[in-house]
Amino acid sequence: MASAYAEQVQRAADAGIGESVAAWFAAGHRPLPWRATGFPAWGVLVSEFMLQQTPVARVIPRLAEWLERWPEPAALAAVPPGEAVRAWDRLGYPRRALNLHAASVAITERHAGVVPEDIEALLALPGVGPYTARAVAAFAYGIRVPVVDVNVRRVLARAVRGVGEPGPARTTEELALMESLLPADAPTARLANAGMMELGQTVCTARTPDCARCPIAAACAWRAAGYPAYTGPAAPRQKPYAGSDREVRGRILRELRASELPVPASRVAELWADAVQRERALAGLLADGLAVAVDDAYALPTA
DNA sequence: TACACGTGGCT
DNA sequence: TAGCCAAGTGT
């Protein structure tokens, strides 16, 4: 079936997009910590957890602290989960800290303390999804697997499909597309994976793409089509944070992190006036395991 | 599939 | 300045 889409994919492969991006990345990129030679797989895993929906600039200092304190999975597994939540500080989405702690326990118990390199084994770890599993396999172990994040999705949408935005995720199709563009040898494939992410983050950005600096501008289907406005299904809108349950949860958890002792319910009550919403947020934190009740007080989880 | 889930910087 | 956006995952 020679669909228009199949033709687009073939054209992209013929243009050598994967090879071009790999060469562009190899010629120069930001010296991010997890790209350093010899950076441990555990460090890559921790960085990928922290980078889930969190900008690079906010991750870098926190990552250094974590790896100094917990240089290997067994070290993190040896402390209570609440310590992970506390050290997570204000990176956001604190259940990532809980998942990372649980992952460290699983790695210690099931994988002899070594971060697995098999995709299926990685996917079995709590908090590790399709993106993180492939990122660890590709970047920590040099395995030739397609890595697709929001940046890669945007580059693929524009360069290959000729549309301005990636739209709703179609994981299987996008993985297959990235796979088809990956250079054959593993080292170059890794450069292509990292390069596509770097390209999407620094050049082919969501709001203001800088096509003058793009290594694949000549092969870009979106550019060739005259940058048509996006007409596909709208991406789901993010709901306002102010006044949301998320804000209440964040405020409560911030108080728990700051206290070595359980925080009295009376103090928690001062954090949010609306009692119904406050209790809902508190119940959510307890259900998620981010907090535990101690008599008439609340604390970070100790086990 | 759609939605919940933190936080802060940028335009 | 209000909304957009950020190396996603779990349900």
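Within every chain, numbering begins at 1; the chains are lettered A, B, ... in the order of the sequence lines, protein sequences first and strands thereafter. These numbers were taken from a predicted model, which means no experiment stands behind them.
In this model, the phosphate group of B:dA4 is approached by a side-chain N or O of A:K239 to a distance below 4.0 Å at OP1 or OP2. For A:T132 and C:dT9, the shortest distance from a side-chain N or O to OP1 or OP2 is below 4.0 Å.
When each of B:dG8, C:dA7, B:dC5 is scored by its nearest atom to the side-chain atoms of A:R249, the top-ranked nucleotide is B:dC5. Closest to the side chain of A:Y241, out of B:dG6, C:dA7, C:dT9, is B:dG6. With C:dG8, B:dT7, C:dC4 as the choices, the nucleotide that has an atom nearest any side-chain atom of A:R257 turns out to be B:dT7. In the set B:dG6, C:dC5, C:dA6, the nucleotide with an atom closest to the side chain of A:Y93 is B:dG6.
Within the 4.0 angstrom heavy-atom criterion, base atoms lie near A:R35. Contact annotation for A:P168: no contact, since no heavy-atom pair falls under 4.0 Å across all strands.
Note: CG (A:L51) to P (C:dC5) measures 19 Å, nearest angstrom. The interatomic distance linking A:L290 (CG) with B:dC5 (C1') rounds to 10 Å, in whole Å. Rounded to whole Å, the distance from CZ on A:R58 to P on C:dA6 is 14 Å.
Of the two residues near DNA chain B, A:A169 and A:Q238, the one whose nearest nucleotide lies more 5' is A:A169. If you find the closest nucleotide of DNA chain B to A:P55 and to A:R95, the one lying nearer the 5' end belongs to A:R95.
Here A:R251 pairs with A:E247 in a salt bridge; the nearest charged N to carboxylate O distance falls below 4.0 Å.
Defined by atom type and a distance below 3.5 Å, a donor-acceptor pair is present between the side-chain atoms of A:R246 and A:Y93.
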